[in-house]
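Everything on this sheet refers to the single structure shown next.
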Number of protein chains: 2
Amino acid sequence: MKSSKILLVDDEEDILDLLEYNLSKEGYTVKTALNGKQAIEVANEFLPDLIIMDVMMPEMDGIEACGEIRKNKLLANTIITFLTARGEDYSQIAGYDAGADDYITKPIKPKVLFSKIKGLLRRASVEAELVEETATMRIDREKYIVIQKGVEISLPKKEFELLALLMSRPNNVFTREKIFASVWGDDIVVGDRTIDVHIRKLREKIGDEYIKTVKGVGYKFVEVED
Amino acid sequence: MKSSKILLVDDEEDILDLLEYNLSKEGYTVKTALNGKQAIEVANEFLPDLIIMDVMMPEMDGIEACGEIRKNKLLANTIITFLTARGEDYSQIAGYDAGADDYITKPIKPKVLFSKIKGLLRRASVEAELVEETATMRIDREKYIVIQKGVEISLPKKEFELLALLMSRPNNVFTREKIFASVWGDDIVVGDRTIDVHIRKLREKIGDEYIKTVKGVGYKFVEVED
DNA sequence: TTTAATATTAACTCAATGTTAACCCACCAT
DNA sequence: ATGGTGGGTTAACATTGAGTTAATATTAAA
């Protein structure tokens, strides 16, 4: 299984380092940011499953950043959790308004934190899993096949991941950057045409009508009607 | 397929009625209970596959009921899902401790709920039974042999374990990591080619067509048609 | 109409896997 | 002990096909 991606945001580097170390050891893929502004940048690239963010930060505070992040549709069901000092009650109300999913109070107790993270991600993973199914098509990660109108189609890795990504949000346009970041990874660099070729192969196998090109923007998966 | 049995537990009858109506329409067999105490009684009779239970209830709350239900061995692999208001985070940790499998936050979005239910039930049914026997092949752990179309084939330990693993979920892809973890153990480290060699020997003995390579992902056992 | 973005095709590259044979070692019989 | 046997591993090399690229054609937006 792909390891869950967590973005940590706090202005105290000590805390960041500590958490990053522990979470990496638990098998998560971790990135960090020092303030809200950075957090938004990193989040748009990294597409984390979970963001743990301090409320009080310089540059841009957590509440504001949360609001910004929620504007990005790709991050719509990213879980956002605030770190807050015990008793900062008002932030809780403001935070939920901004779209936070949960709170963790400082001082942080690792055990509580990990159990909470696990729970949150589990919830998310169940939710994420079901986006891989539309009226005529279903992704089966276990068997690594796509079932289209009852017919099993086996796809090579990259094509499979690409389709899974597009299907995860039907009708949503994915830019090339997002596709690269998600299917290839931030570090790997490949030419621009590579993506077209994979799209083509996919269209060849599942039918042209499922993947639509939005010129100058990206690609999207559309559910076809009979 | 037998229709899955779902037990709904909530003190608000409106919600119960609504959910019962919708889930029945989806083809599930549904029973309801108004509190934890009732839930336990009904569960012991009804033996549901899935229990959806509110956390906050009179008489006996969800957490307590969950703990009680987990004591009944007949209900050991019943899935329990809590309904919880957004942000009740204490209950989350307590709930997981009590043996909950998932959470659904209120307000309930029917579409989310139904797909979640579908996902949970599917996962459970897959995890339920491990296959030791397919149409043309049978594993005999006692005798440590494989019977293929009536012919006994004796295999060395590693090959046997490897085949047993792959066969346990036909068509499921097993990654190299999983195979190593399961056949060799997490601690033992062996070279990458080792696995290929065992696969090859297996293929030599049972026929190439039974084990399929999914490049970049892993291997899977497929049942061959005659 | 113009042009940048995308489609298409085929050739090529390279990492993942297949294959073979040699080697090590535990176990067993002599 | 000695030597044989076979499972398990490894190393070296071969093969394959997924993934990429390059070259060219086509398309849709301005």
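Nothing here was measured: the structure is a model prediction, and the numbers come from that model. Proteins get letters first, then strands, A, B, ... in listed order; numbering begins at 1 in each.
- Rounded to whole Å, atom P of dG8(D) lies 14 Å from atom CZ of Phe180(B).
- Annotation: proximity of residues 192-212 of chain B to DNA chain D (heavy atom, distance under 4.0 Å) is found for Arg193(B), Thr194(B), Val197(B), His198(B), Lys201(B), numbered in ascending order.
- Put simply, Trp184(A) has no side-chain N or O that comes within less than 4.0 Å of OP1 or OP2 on dG19(D).
- Comparing Gly191(B) and Gly191(A) against DNA chain D, the residue whose closest nucleotide sits nearer the 5' end is Gly191(B).
- For Val190(B), the side-chain contact (heavy atoms from CB on, under 4.5 Å) test picks out Phe180(B), Trp184(B), Ile188(B), Thr194(B), with sequence neighbours left out.
- Every residue two or more places apart in sequence or in another chain that forms a side-chain contact (heavy atoms from CB on, under 4.5 Å) with Ser24(B) is listed here: Glu20(B), Val30(B).
- Remark: the Gln148(B) side chain and the Thr136(B) side chain contain no N/O donor-acceptor pair separated by less than 3.5 Å.
- The CZ-P distance, from Arg176(A) to dA4(C), rounds to 16 Å in whole Å.
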What does the list of N/O pairs under 3.5 Å between the protein and nucleotides 25-27 of chain D look like, with a distance for each?
residue	atom	partner	partner atom	Å
dT27(D)	O2	Lys215(A)	NZ	2.5

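- Taking the side-chain contact (heavy atoms from CB on, under 4.5 Å) definition, one finds that Leu47(B) meets it with Lys5(B), Leu74(B), Leu75(B), sequence neighbours left out.
- Arg138(B) has no carboxylate O lying under 4.0 Å from a charged side-chain N of Glu152(B), or vice versa, which leaves the two without a salt bridge.
- Residue Leu155(A) contributes atom CG, which lies 16 Å from atom P of dG17(D) at whole-angstrom precision.
- An OP1 or OP2 oxygen of dG18(C) is reached within less than 4.0 angstrom by a side-chain nitrogen or oxygen of Thr213(B).
- Tyr144(A) pairs by the ring-ring contact (aromatic ring centres under 6.0 Å, His included) definition with Phe160(A), not counting sequence neighbours.
- Across all strands shown, Tyr219(B) has heavy atoms under 4.0 Å from sugar-phosphate atoms exclusively, and none from any base.
- By the salt bridge (Lys or Arg N to Asp or Glu O under 4.0 Å) test, Lys31(A) is found to be paired with Asp186(A), residues two or more places apart in sequence or in another chain being considered.
- Contacts classified as ring pair (Phe, Tyr, Trp, His ring centres under 6.0 Å) and involving residues 29-69 of chain A (residues at least two apart or in different chains) are not found.
- When rounded to the nearest whole Å, the span between NZ of Lys157(A) and C1' of dC14(C) equals 15 Å.
- Residue pairs satisfying the salt bridge (charged side-chain N to carboxylate O under 4.0 Å, His left out) criterion with at least one member in residues 202-211 of chain B, sequence neighbours excluded, are listed as follows: Glu159(B)-Lys205(B), Arg200(B)-Glu204(B).
- Put simply, CD1 on Ile179(A) is 16 Å from C1' on dG19(D), counting in whole angstrom units.
- A search for side-chain contact (heavy atoms from CB on, under 4.5 Å) contacts involving Val197(B) returns Lys201(B), not counting sequence neighbours.
- Within the helix from dT1(C)-dA30(D) to dT30(C)-dA1(D), the inter-axis angle between the opening and closing five-pair segments is 30°, rounded to 10°.
- Between Gly218(A) and Val214(B), the residue anchored nearer the 5' end of DNA chain C, judged by the nucleotide with its closest heavy atom, is Gly218(A).
- Partners of Tyr210(B) according to the ring-ring contact (aromatic ring centres under 6.0 Å, His included) rule, which considers only residues two or more places apart in sequence or in another chain, are Phe221(B).
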